[in-house]
Amino acid sequence: MKIFNGDTPIYLQLRAHIEELILEGTLAEEAQIHSLRVMASEYGLNPITVGNALSLLVEEGVLEKKRGVGMFVAPGARELIISARGKDFITDSLEPVLRKARQLELPKAQIMQSLNTIYGGKDE
């Protein structure tokens, strides 16, 4: 399975990949994840690299270790990921796009119309 590129450290890419699996529901909360060795084999990675990614997710509260049983997706993991990524999305992606829209003198009404089209007019 080839999902990695050379732009960022592989353990961070694996961490993001596991987060994506949780966000899309492939890994449900409280579901057991594969062992470190199995994951290393599946992804063709060094077990230390996989261990670094998993340790980071444990530190962040996304995964939890159960001694003698394995590693599991923590309750509330999806909300943790959404919260962290939402903050990053606003500052890293949305703000630059809105600044560019203002620079191009796009009317605020046009931006709001696009927003309502994408969100379906929902206020939440």
Side-chain angles (χ1 to χ4, degrees):
M1 176 180 313
K2 184 70 174 165
I3 60 169
F4 307 108
N5 61 47
D7 295 341
T8 54
I10 292 175
Y11 80 97
L12 293 176
Q13 293 179 58
L14 179 59
R15 170 184 158 238
H17 176 69
I18 293 169
E19 288 178 342
E20 288 297 322
L21 294 174
I22 293 168
L23 287 173
E24 66 191 23
T26 303
L27 283 176
E29 292 184 1
E30 301 188 39
Q32 185 171 12
I33 66 167
H34 292 140
S35 71
L36 186 144
R37 287 191 176 108
V38 169
M39 288 181 76
S41 175
E42 285 178 344
Y43 293 107
L45 298 174
N46 183 311
I48 294 171
T49 301
V50 175
N52 289 339
L54 297 179
S55 292
L56 193 54
L57 289 166
V58 168
E59 288 175 23
E60 294 169 349
V62 173
L63 298 179
E64 60 184 7
K65 292 181 185 179
K66 294 186 180 178
R67 178 173 252 174
V69 181
M71 200 164 304
F72 295 79
V73 178
R78 189 169 189 279
E79 287 76 23
L80 279 173
I81 296 166
I82 288 171
S83 176
R85 287 191 177 189
K87 292 173 190 169
D88 291 343
F89 172 76
I90 297 287
T91 57
D92 297 345
S93 299
L94 187 58
E95 286 179 5
V97 167
L98 293 174
R99 282 183 182 42
K100 187 66 170 177
R102 186 170 56 185
Q103 181 185 37
L104 296 172
E105 299 178 6
L106 295 175
K108 193 178 199 179
Q110 185 178 357
I111 302 300
M112 294 305 292
Q113 182 180 4
S114 294
L115 180 66
N116 287 333
T117 300
I118 292 167
Y119 268 76
K122 296 179 184 175
D123 288 337
E124 294 183 38

Checklist line | side chain to side chain contact (heavy atoms under 4.5 Å, CB included) between Leu12 and Leu56, worked out | finding: CA-CA 9 Å; Leu12 293 176; Leu56 193 54; 3.7 Å; yes
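Taken to the nearest 0.5 Å, the CG atom of Leu54 stands 6.5 Å off from the CG atom of Leu63. Summarising the geometry, atom CD belonging to Glu20 is positioned 4.0 Å from atom CZ belonging to Arg85; distances are rounded to the nearest 0.5 Å. Taken to the nearest 0.5 Å, the CG atom of Leu14 stands 4.5 Å off from the CZ atom of Phe4. Distance check, rounded to the nearest 0.5 Å: CD of Gln13 to OG1 of Thr8 gives 3.5 Å. Between the CG atom in Leu115 and the CD atom in Gln110 there is a gap of 12.5 Å [rounded to 0.5 Å]. Going from atom OG1 of Thr49 over to atom CD1 of Ile10 covers 6.5 Å, rounded to the nearest 0.5 Å.
In this structure, Gly61 and Ala74 approach most closely via the heavy-atom pair O-CB, 3.2 Å. Closest heavy-atom contact between Glu24 and Thr26: OE2-OG1, 2.9 Å. Contact between Gly51 and Leu36 at its shortest, heavy atoms only, is CA-CD1, 3.4 Å. Across Pro96 and Thr91, no two heavy atoms sit closer than the pair CD-O, 3.6 Å.
Residue pairs meeting the salt bridge (Lys or Arg N to Asp or Glu O under 4.0 Å) criterion with at least one member in residues 45-69, sequence neighbours excluded, are Arg15-Glu60.
With a 6.0 Å radius and a threshold of 12 heavy atoms from other residues, nucleotides or ligands, Ile48 has its CD1 atom at or below the threshold.
Linking Ile, Leu, Val, Met, Phe, Trp and Tyr residues whenever their side-chain heavy atoms come within less than 4.5 Å places Ile111 and Leu104 in a single cluster. Cluster annotation: Phe72 and Leu27 are assigned to distinct hydrophobic clusters (Ile/Leu/Val/Met/Phe/Trp/Tyr, side-chain heavy-atom contacts under 4.5 Å, transitive). Hydrophobic cluster membership differs between Tyr43 and Val38, with clusters built from Ile, Leu, Val, Met, Phe, Trp and Tyr side chains linked at under 4.5 angstrom. Ile81 and Val58 end up in the same hydrophobic cluster when Ile, Leu, Val, Met, Phe, Trp and Tyr side chains are linked at under 4.5 Å. Hydrophobic cluster membership differs between Leu80 and Leu23, with clusters built from Ile, Leu, Val, Met, Phe, Trp and Tyr side chains linked at under 4.5 angstrom.
Under the 4.5 Å side-chain criterion, counting only non-hydrogen atoms from C-beta, Leu57 is in contact with Glu19. The side-chain heavy atoms of Glu30 and Val73, taken from C-beta on, include no pair separated by under 4.5 Å.
Between the side chain of Gln32 and the backbone N or O of Val69 there is at least one donor-acceptor pair closer than 3.5 Å. The backbone N or O of Glu79 sits nowhere less than 3.5 Å from a side-chain atom of Ser83 that would complete a donor-acceptor pair.
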